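For reference, the structure discussed in these notes is given below.
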Amino acid sequence: MTNDLLRQRRNLLIMSIGLLLFDFAHMSVAKVSILGTELLVGDPIILKAFAWGMWAYFLLRYYQYLNAEGGTRLKPAVNSFFRSKAMQYALRATGRTSLLGDFDITKNGIRWSYSIREHGSLPYGPNGEPRQEEKGALPLMRTWWWTLHAYLHLALHTHQVTDHALPFALAVATPLVIVARMIW
């Protein structure tokens, strides 16, 4: 994580937490002191609008810097975890102890299927004979569990969630929480 992204994350977190604290504590600003000069606030709604404008700016900047760094990298990590679980299942389902070829998984709607092609990725062997390929479906409930397990594993055992996803989630949740408090 670059220093620029850290700075944007810090700004976004401070602004989001500040907006939530001001709303939950019912704080208002009556006076502002800048370099020893006291300024009386005539219309506090202007300060609130300015704070929300800064929040939107920091959210945009964090998103830009996060994308410039390659995003959260959560999806490739989840896919890798899911693929390893699917491969273990497919090897057990086909009665194999190891893989001597290619393993592919594909998604069809909400269902996943696997295919194992022995001895390389080409459909024919060196003498023109068709390569053996086995296909099968992955159980739906297991695929859901593997996906949930992958996200839980990432959240608990890696820094990717806390470094990238949670600051963004807090920022997006801030206006939702404040609007929900207004409604209820």
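What you are looking at is a predicted structure, and each value in this text was computed from that prediction instead of being measured. Residues: numbered from 1 along the sequence shown. Because only heavy atoms are used, hydrogens play no part in the values below, and waters and symmetry mates are left out as well, while side chains stay in.
There is a path of hydrophobic side-chain contacts, each under 4.5 Å, that joins Val172 to Leu5. Leu40 and Leu35 sit in two unconnected hydrophobic clusters of ILVMFWY residues. Membership requires side-chain heavy atoms under 4.5 Å apart, directly or through other members. Connection of Ile34 to Leu47 is established within a shared hydrophobic cluster, with ILVMFWY side chains joined at heavy-atom distances below 4.5 Å, either directly or through further cluster members. Hydrophobic clustering (side-chain heavy atoms under 4.5 Å, transitive across Ile, Leu, Val, Met, Phe, Trp, Tyr) groups Leu59 together with Tyr57. Residues Leu60 and Leu6 do not share a hydrophobic cluster, clusters being chains of Ile/Leu/Val/Met/Phe/Trp/Tyr side chains in contact below 4.5 Å.
In this structure, Phe103 and Tyr114 have parallel ring planes: the angle between them is below the 30° cut-off, well short of the 60° mark. By the 30° and 60° cut-offs, the orientation of the rings of His153 relative to His157 is tilted.
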- Task: Evaluate the criterion side chain to side chain contact (heavy atoms under 4.5 Å, CB included) for residue pair Phe24 and Arg181; output intermediate values, then yes/no.
- Result: CA-CA 9 Å; Phe24 275 94; Arg181 281 181 40 91; 3.4 Å; yes
- Task: Decide yes or no on side chain to side chain contact (heavy atoms under 4.5 Å, CB included) for His164 and Leu74, but give the supporting numbers first.
- Result: CA-CA 9 Å; His164 301 297; Leu74 292 177; over 6 Å; no
- List the steps and the verdict of side chain to side chain contact (heavy atoms under 4.5 Å, CB included) for Leu20 and Leu170. CA-CA 10 Å; Leu20 285 171; Leu170 173 66; 3.9 Å; yes
- Full working for side chain to side chain contact (heavy atoms under 4.5 Å, CB included) between Phe81 and Leu154: CA-CA 9 Å; Phe81 189 91; Leu154 278 174; over 6 Å; no
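The shortest heavy-atom contact between Met15 and Ala51 is SD-O, 3.8 Å. Nearest approach of Ala171 to Trp55, heavy atoms of both residues: O-CZ2, 2.8 Å. Of all heavy-atom pairs between Trp52 and Pro175, the closest is CH2-CA, 3.8 Å. Between Leu19 and Thr174, the shortest heavy-atom distance links the atoms CB-CG2, 4.1 Å.
Considering only heavy atoms from C-beta on, Lys85 comes within 4.5 Å of His149 through its side chain. Side-chain atoms of Tyr62 and Asn11, non-hydrogen and from C-beta on, never get closer than 4.5 Å to each other. Contact of the Ile105 side chain with the Ser113 side chain is not registered, since no non-hydrogen atoms from C-beta on lie closer than 4.5 Å.
Atom OH of Tyr63 sits in a sparse spot, with 12 or fewer heavy atoms from other residues, nucleotides or ligands closer than 6.0 Å. With a 6.0 Å radius and a threshold of 12 heavy atoms from other residues, nucleotides or ligands, Met27 has its CE atom above the threshold.
Distance CZ/Arg111 to NZ/Lys107: 12.0 Å, rounded to 0.5 Å. To the nearest 0.5 Å, atom OG of residue Ser16 and atom CZ of residue Phe168 are 10.5 Å apart. Atom CG of Asp104 and atom NZ of Lys135 lie 9.5 Å apart (nearest 0.5 Å). One distance of note links CD1 of Ile178 with CG of Asp23; it measures 4.5 Å at 0.5 Å rounding. Atoms CG and CZ, on Asp163 and Arg73 in that order, are 9.5 Å from each other to the nearest 0.5 Å. Here the straight-line distance linking atom CG of Asp4 with atom CG of Leu66 works out to 13.0 Å at 0.5 Å rounding.
Each of Gln8, Arg7, Glu69 was checked for a side chain to side chain donor-acceptor pair (under 3.5 Å) with Thr2, and the lone residue meeting it is Glu69. When each of Ile14, Leu12, Leu13 is paired with Arg10, the side chain to side chain contact (heavy atoms under 4.5 Å, CB included) condition holds for Ile14 and for no other. Tested against Phe82, the residues Trp145, Trp146, Tyr151 include a single ring pair (Phe, Tyr, Trp, His ring centres under 6.0 Å) partner, Trp146.
Thr106 and Trp112 form no side-chain donor-acceptor contact under 3.5 Å, judged by distance and modelled atom types alone.
Of the possible polar contacts, one joining the Thr94 side chain to the Leu91 backbone as a donor-acceptor pair under 3.5 Å is found. Between the side chain of Thr37 and the backbone N or O of Ser33, no donor-acceptor pair lies under 3.5 Å.
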